[in-house]
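Throughout, protein chains are lettered first and strands after them, A, B, ... in sequence-line order, and every chain is numbered starting at 1.
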Amino acid sequence: MNIFHDANRKQIANRRVKDKSLHMIFLLATSVGIIALTVLLVDIIIDGWSNLSPDLFTNFPSRKAEDAGMKSGLVGSMYIMLILVPLSFILGVGAAIYLEEYAPKNKLTRLIQLNISTLAGVPSIVYGILGLALFVRMLSLQKSLISGALTMTLLVLPIIIVAAQEAIRAVPRSRRDASFALGATKWQTVSRSVLPSSLPGILTGVILAASRAIGETAPLIIVGASTYVAFLPKSLTDAFTAMPIQIYNWISRPQVAFKDLGASAIIILLAILILLNITAVIIRNKYQKNI
Amino acid sequence: MSTLIEAKDLNLFYTDFHALKNVNLTIPEKAVTAFIGPSGCGKSTLLRTLNRMNDMIAGTRIEGKLTISGTDIYSQEVDVETLRKKVGMVFQQPNPFPKSIYDNIAYGPRLHGIKSKQKLDEIVETSLKSAALWNEVKDHLKRSALSISGGQQQRLCIARALAVNPDILLMDEATSALDPISTLKIEELVQDLRDKYTIVMVTHNMHQAARVSNQTVFFLNGEVVEYDDTEKLFSNPEDQRTEDYISGRFG
């Protein structure tokens with residue numbers, strides 16, 4: 001008597017068919033995303049690769065496509081980052097420390113928490129409108145670099161707060177206990193035990209938030225980033241432009257030469273984004289080994 | 001042996017739960033006192049009132065008096081940082097910081113303002129020697145504390161607690177996560193340390209209490225049923241419940 005005889009072969013065969021077909025469906029679902037992305041990338045590279053030249057980095061925008069560059073956009077984006085990264089780091093991590101370590105766990109903090117999570121998902125154009133009302137009009141900062149940078153800071157703040165909170169929460173209770181049991185105050189525990197352990201997570205969050213900000217266009221259009229800027233901002237209140245604005249401008253022109261220029265600019269923007277993401281991964285891996 | 005710690009009509013509530021009921025107890029100086037009893041009997045809770053670690057649990061309320069060398073540690077006179085410097089603690093799971101062995105030991109002294117490299121070197125060496133770990137780690141003090149074994153980590157945690165120069169050392173089931181050989185090493189260490197420190201240990205292991213402690217306290221349902229010299233408590237307990245517990249009839 002074969003011990004395998006009484007197994008329900010028909011039912012098993014059915015299960016196998018189901019397994020195989022679902023496997024195919026999942027593969028298909030993944031491929032749709034990957035293929036779309038690849039087509040997009042290949043298209044951009046075909047259009048933009050031949051135009052990639054140092055001129056793009058050194059020339060200001062111009063009416064003639066062959067002279068045009070995105071120096072002002074590149075520098076504008078860089079200035080925005082220089083303001084945004086430290087500001088959002090301090091505010092975001094500060095808020096996360098308060099909410100995780102100091103705030104009493106009551107209804108109010110839960111409400112604040114809910115709001116922050118919701119804000120992280122608010123469309124960026126809404127932040128643009130807020131920036132316009134708050135910085136441009138109310139604080140009379142005008143259509144300036146600082147208005148744009150502050151608006152972007154508001155945009156990424158919830159993302160950074162949530163990422164930092166998660167990183168802080170991931171530090172085991174026992175590490176805090178160890179510190180408190182040695183006579184540490186709360187701040188000593190936070191600064192010497194909690195933050196060093198959560199810094200990789202926090203930095204990853206900040207870099208990813210920064211890479212989101214560097215690609216954002218809508219809020220900058222609303223707070224009045226100019227599309228044609230043939231100079232570099234010299235002060236915080238000068239007019240400015242940014243890479244995605246420049247790309248938007250070029251792509252929306254009728255001439256093919258400008259469209260190709262836009263494609264080249266996209267390649268540069270993508271390269272910067274990839275660089276930022278790689279940095280985030282490297283930081284995470286480097287510190288994870290020490291924990 | 002003179003009394004160092006004294007609880008008088010001590011009651012502790014976690015919100016509605018009455019975790020310690022009218023505890024009256026004295027703990028002698030420079031000796032080992034063991035808290036035994038079944039799970040949830042309040043032994044860890046009482047241990048954690050001694051360095052006020054319960055303060056961090058929301059809804060904890062304390063009534064009665066708990067004095068260390070005559071000072072009520074829940075009064076305004078005592079700030080919790082000083083108390084914890086004087087009353088060190090070792091936890092159930094070894095919990096070294098993800099830092100080097102050296103920085104783990106120096107963490108406490110640095111908290112309390114010691115910056116001199118020479119002084120810190122000295123503290124690290126004496127603390128590791130006191131915790132019988134120096135010979136095993138002296139050549140790689142810069143290595144991560146997480147790279148050594150669990151038993152070594154626990155001795156590192158003891159050394160870390162000793163580095164701030166406490167008078168009292170609390171051990172909350174400090175060997176329950178360790179293998180028998182590591183446990184034995186820690187028990188031997190406790191024997192060595194009791195000349196210099198007042199040690200209070202919670203243990204789920206009665207035999208351990210019998211082996212290493214001078215005085216044993218038996219807890220049941222938040223009450224102290226009986227406390228006495230270890231030898232007396234284990235050989236000739238006064239209360240029937242103690243007798244039942246140590247002879248293994250429940251728990």
Side-chain angles (χ1 to χ4, degrees), chain A residues 93 97-113 164-205 282-291, chain B residues 47-48 50-59 78-100 103-113 127 143-147 153 156-166 168-172 177:
Chain A
V93 176
I97 291 175
Y98 176 74
L99 286 171
E100 284 303 310
E101 301 288 336
Y102 288 91
K105 302 271 173 277
N106 56 26
K107 277 190 181 149
L108 182 68
T109 38
R110 274 206 296 279
L111 187 72
I112 293 173
Q113 191 66 59
Q165 274 187 295
E166 272 164 19
I168 288 171
R169 214 176 299 146
V171 178
R173 156 107 252 146
S174 63
R175 252 175 233 168
R176 292 183 176 82
D177 282 350
S179 177
F180 283 126
L182 288 165
T185 60
K186 198 153 227 175
W187 170 241
Q188 284 179 319
T189 301
V190 169
S191 61
R192 295 168 195 229
S193 178
V194 177
L195 282 185
S197 295
S198 53
L199 204 59
I202 292 173
L203 286 179
T204 312
I282 290 174
I283 289 177
R284 202 168 46 211
N285 291 350
K286 180 172 166 4
Y287 284 90
Q288 244 160 16
K289 267 183 234 143
N290 299 335
I291 289 173
Chain B
L47 192 79
R48 288 169 156 266
L50 297 177
N51 66 346
R52 294 180 53 178
M53 287 300 271
N54 283 323
D55 289 16
M56 284 182 284
I57 301 166
V78 180
D79 66 277
V80 71
E81 287 80 21
T82 312
L83 173 73
R84 289 181 187 150
K85 183 178 181 294
K86 287 289 165 194
V87 186
M89 188 169 207
V90 180
F91 297 84
Q92 187 168 357
Q93 293 286 340
N95 58 353
F97 299 114
K99 302 171 186 284
S100 68
D103 287 336
N104 262 277
I105 308 290
Y107 189 96
R110 280 175 178 147
L111 288 177
H112 299 286
S127 306
R143 276 233 307 252
S144 167
L146 302 178
S147 67
Q153 285 185 13
L156 180 74
C157 291
I158 294 174
R160 184 175 65 187
L162 299 181
V164 293
N165 205 11
I168 300 168
L169 189 62
L170 310 177
M171 303 178 81
D172 190 359

Worksheet item: Would B/M56 and A/D177 count as a side chain to side chain contact (heavy atoms under 4.5 Å, CB included) if you check the C-alpha gap in whole Å, the side-chain angles of each, and the deciding distance to 0.1 Å?
Response: CA-CA 10 Å; B/M56 284 182 284; A/D177 282 350; 4.2 Å; yes
At what distance, to the nearest 0.5 angstrom, does [atom1] of [X] lie from [atom2] of [Y]?
X: A/L182; Y: B/R84; atom1: CG; atom2: CZ; value: 10.5 Å
X: A/R173; Y: B/F91; atom1: CZ; atom2: CZ; value: 9.0 Å
X: B/F97; Y: A/S197; atom1: CZ; atom2: OG; value: 8.5 Å

Discussion item. Any side-chain to backbone donor/acceptor pair from B/H112 onto A/A184? Under 3.5 Å, distance only.
Written reply: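 Such a contact is absent between B/H112 side chain and A/A184 backbone.
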Worksheet item: Do B/L111 and A/R192 have side-chain heavy atoms sitting under 4.5 Å apart?
Response: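 Yes, their side chains come closer than 4.5 Å.
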Worksheet item: With side chains defined as the heavy atoms from C-beta onward, is the minimum distance between B/P98 and A/R175 less than 4.5 Å?
Response: yes
Worksheet item: Which one, B/R110, B/K85, B/Q93, leads in non-hydrogen pairs under 4.5 Å with chain A?
Response: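 Result: the option with the highest number of such pairs is B/R110.
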Worksheet item: Quick one: of B/R52, B/M53, B/K86, who has the most non-hydrogen atom pairs under 4.5 Å with chain A?
Response: B/M53
On a heavy-atom basis, which atom in [X] and which in [Y] lie closest, and how many Å separate them?
X: A/A178; Y: B/N95; answer: CB-ND2, 3.4 Å
X: A/P196; Y: B/K99; answer: CG-NZ, 4.3 Å
X: B/M89; Y: A/A181; answer: CB-CB, 4.0 Å

Discussion item. Heavy-atom count check: over 12 atoms from other residues, nucleotides or ligands less than 6.0 Å from A/K107 NZ?
Written reply: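 No, not enclosed.
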Worksheet item: Side chain, backbone, both or neither: which part of B/V87 has an atom under 4.5 Å from a heavy atom of chain A?
Response: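 B/V87 touches chain A through backbone heavy atoms alone.
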